[in-house]
Protein chains: 2
Amino acid sequence: MTKLEDVAEEAGVSASTVSRALSRPDMVSEATRTRVLDAAERLGYRHNQAARALVTGRTGLLAFSVPSLANPYYAPVIAGAQAAAEEAGCELIVVVTDGSAEREQALYARLSERVDGFAAAAPVSAGTQLSQVARKRPLVTLNRRVRGVSSVVVDTPAGMGALGGHLAGLGHRRIAYLGGPDGSWLDPRRLSALREAVPDCEVAALGPYPPEFEAGVRAADAVLDTGCTAVIAYSSTLLIGLLHRLTLLGKSAPHDLSLACADDLSASGLAMPEVTALHVPAAEAGRRAVQRLLETVTSGPTAATHQLLPVELLTRASTGRPAA
Amino acid sequence: MTKLEDVAEEAGVSASTVSRALSRPDMVSEATRTRVLDAAERLGYRHNQAARALVTGRTGLLAFSVPSLANPYYAPVIAGAQAAAEEAGCELIVVVTDGSAEREQALYARLSERVDGFAAAAPVSAGTQLSQVARKRPLVTLNRRVRGVSSVVVDTPAGMGALGGHLAGLGHRRIAYLGGPDGSWLDPRRLSALREAVPDCEVAALGPYPPEFEAGVRAADAVLDTGCTAVIAYSSTLLIGLLHRLTLLGKSAPHDLSLACADDLSASGLAMPEVTALHVPAAEAGRRAVQRLLETVTSGPTAATHQLLPVELLTRASTGRPAA
DNA sequence: ACGCATGCTGCAAGCGATTGCATTCACCGT
DNA sequence: ACGGTGAATGCAATCGCTTGCAGCATGCGT
């Protein structure tokens with residue numbers, strides 16, 4: 001491997017100068033800088049991160065935890081996060097927590113000396129524990145807001161309000177809400193946002209349901225039992241199962257039932273062009289989380305910021321006026 | 001941070017001894033070892049990976065590349081890989097390549113000095129390029145076999161044979177095969193394995209299809225056009241779309257059409273208990289790939305090994321005798 | 001013309017671990 | 001009783017990079 005010293009020799013300067021030319025360009029003269037950069041280029045020089053980490057204490061690694069990879073929701077989130085990390089010359093260690101608070105904590109313990117910071121998607125640990133972690137290491141939470149910890153939250157509650165408004169506007173008065181997984185931080189917030197948005201409607205809250213096809217199948221029967229004329233599913237996977245079961249029963253949307261989904265399936269290979277849904281800026285959320293994390297990493301601890309990303313209501317064919 | 005020296009002081013030995021007690025336990029006496037381990041425990045000592053990496057050249061990081069995270073197939077693969085890495089005290093850098101050979105190459109270039117080795121799931125780079133990479137860094141390919149590069153391959157071709165046999169045994173003579181994504185290494189192998197297994201059948205090869213719901217929807221119509229009595233889908237996502245469309249058209253399996261899938265959906269939140277499928281040991285494949293990779297990393301370059309993992313035919317209700 | 005900022009550059013001391021080599025010491029055979 | 005053997009430990013160099021400090025011009029003010 002070519003090292004700093006080799007570049008230094010090639011450029012006819014000292015190793016320190018090379019180091020500075022590469023990482024603090026404004027500390028060396030224009031002439032040397034170009035000479036060094038040239039030499040580095042010629043020799044194909046690449047930083048040895050370990051050596052750098054040893055002295056600076058920064059590893060150039062970020063941990064990104066997600067509850068599950070089976071849920072396609074996280075695919076674009078991770079893609080966005082990865083893009084942001086890559087732009088900053090960092091790598092992402094993706095860790096699956098299976099939605100277990102223990103695994104989450106184990107992960108913080110295991111990695112806290114190896115990475116520069118954590119981004120945690122929908123963490124399930126207690127808020128106090130998260131603050132604890134944030135005190136030791138930069139931490140950004142995604143789709144979960146904790147006092148004193150920077151966060152990026154996709155404003156699906158507002159989206160739920162919009163969905164509710166849309167349905168109520170069409171004349172629906174009984175709406176079923178298929179809740180998310182047990183322990184979800186967002187779920188109760190979505191539900192109450194929905195209720196607030198449609199004070200004249202009866203909202204039947206069903207669930208909790210895990211984000212699984214079969215849960216959607218089960219949910220279909222529960223929905224029909226409520227006699228609701230519209231249904232909003234928490235997650236796309238749930239919706240697919242729901243739709244399957246309804247189709248099997250000969251029910252179609254929006255004729256028999258209006259159908260909407262609180263997240264967007266387009267990035268998951270499950271795109272359903274006819275379903276009214278919320279467009280969730282998932283990639284953007286991942287990207288923002290990592291960007292914010294990197295800010296904290298480079299600038300040291302600052303006041304926590306909370307970003308709320310708007311969602312967009314995509315009104316499509318699966319919602320319509322309720323049958324008379 | 002507590003360092004080696006602190007532990008040394010606490011235990012009343014030199015730093016070298018601590019280092020040895022921790023990483024080469026058989027080089028120190030029983031007594032010192034326990035004393036050191038105690039001290040380390042008391043002080044909550046954790047290795048500084050950067051320092052270690054600097055001298056040993058090993059980073060304790062592995063890169064794992066997958067074409068996409070939207071395809072739930074990879075969720076268990078990554079889970080298995082992560083488990084294996086964790087057991088060995090390593091971390092996994094998961095990288096999404098989007099099935100692009102360029103991104104794959106860029107990734108090898110970017111990471112080759114940062115990680116101890118690569119595991120690449122279904123890489124699309126040219127075989128010669130992969131061998132090239134393998135010459136510089138330990139590399140294990142998953143579901144792709146390249147001369148001279150260790151690999152772990154799930155024997156879906158054999159599984160396709162079994163599926164074909166099953167369908168032929170039920171009396172099917174015209175079978176549709178919904179192919180995988182363009183450029184897939186496995187796809188032609190699956191197809192020819194299928195053809196060989198059912199010499200008396202006509203196999204209509206359709207596709208290529210990306211692993212997407214909509215592609216499955218499109219495929220449904222193509223399948224019906226062929227007049228086949230059975231269909232085998234390359235991937236679970238495809239199958240879901242197919243099933244949706246068929247249900248919508250009032251066709252049901254196995255009555256109108258026998259339905260089978262070449263991969264297992266159970267781990268992806270899309271479990272379909274009634275569909276005949278191949279059980280794919282995906283987690284095991286991920287685990288094996290990382291284990292093999294770690295062997296190469298620790299023992300230096302050895303002859304390439306090729307592991308073939310058997311799949312299991314799950315005969316279920318979606319396949320039956322063709323309608324007369 | 002002298003002194004003093006100012007701007008670049010080099011020297012050298014680390015960062016925290018591993019490891020080849022030297023040292024110590026106990027123990028064994030003769 | 002003594003040299004030899006081998007196990008256990010310590011010393012010190014080393015990995016590649018960053019960075020505080022010192023050195024050294026250059027150019028400016030006076």
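We name chains A, B, ... by the order of the sequence lines, and we start the count at 1 in each one.
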Tell me if a side-chain donor or acceptor on S151(A) pairs with a main-chain N or O of V153(A) at a distance below 3.5 Å. no

Side-chain N or O of R52(B) closer than 4.0 Å to phosphate OP1/OP2 of dC15(D): no

Beyond-backbone contact of F64(A) with V115(A), side-chain heavy atoms, under 4.5 angstrom: no

Okay, side chain of R103(A), backbone of V96(A): is any donor-acceptor separation there less than 3.5 Å? yes

Whether T56(A) contacts dT18(D) is assessed here as follows: a side-chain N or O lying under 4.0 Å from the phosphate OP1 or OP2. Is that the case? no

Using a heavy-atom cut-off of under 4.0 Å over every strand shown, decide if R24(B) touches base, sugar-phosphate, or nothing. sugar-phosphate

Can you check the L4(A) CG to dT18(D) C1' distance for me, whole Å? 9 Å

Rounded to whole Å, CG of L22(A) lies from P of dG16(D) at a distance of 16 Å

Under 4.0 Å: is that the gap between some side-chain N or O of T17(A) and OP1 or OP2 of dG10(C)? yes

May I have the distance from M27(B) (atom CE) to dA7(D) (atom P), rounded to whole angstrom? 10 Å

Just how far, in rounded Å, is P of dC15(C) from CG of N48(A)? 18 Å

A51(B), nearest nucleotide to its side chain (from dC21(C), dA17(C), dG16(D)): dA17(C)

How many Å lie between NZ on K3(B) and C1' on dG16(C), as a whole number? 7 Å

OP1 or OP2 of dT19(C) under 4.0 Å from side-chain N/O of S19(B): no

According to a strict under-4.0 Å criterion, is Y45(B) in side-chain N/O contact with OP1 or OP2 of dA17(C)? yes

With the side chain of V55(B) defined as its heavy atoms from C-beta on, choose the nearest nucleotide among dG10(D), dG10(C), dG16(C). dG16(C)

Do the side chains of S150(B) and T305(B) get nearer than 4.5 Å, heavy atoms only? yes

Side chain S16(A) and base dC11(C) donor-acceptor under 3.5 Å: yes

Closest to the side chain of L54(B), out of dG10(C), dG16(C), dT19(C), is dG16(C)

Whole angstrom value for the distance that separates P of dC15(D) from CD of Q49(A): 19 Å

So if I take every side-chain heavy atom of S23(A) and compare against dT18(D), dT18(C), dG20(C), which nucleotide ends up nearest? dT18(D)

Cut-off 3.5 Å, side chains only: do T17(B) and S14(B) have a donor facing an acceptor? yes

Could you give the CD-to-C1' distance, from E5(B) to dC15(C), as a whole number of Å? 12 Å

Phosphate oxygens OP1/OP2 of dC8(C): is one of them under 4.0 Å from a side-chain N or O of R33(A)? no

Of the nucleotides dT9(C), dT9(D), dG16(D), which has the atom closest to the S29(A) side chain? dT9(C)

Which of dG16(C), dT18(C), dT9(C) is nearest the side chain of R20(A)? It is dT9(C)

On DNA chain D, compare the nucleotides closest to D26(B) and A15(A); which residue's is nearer the 5' end? D26(B)

Distance-only polar pair, side chains of S125(B) and Q105(B), donor-acceptor under 3.5 Å: yes

dA17(C) P sits how many Å from R114(A) CZ, rounded? 13 Å

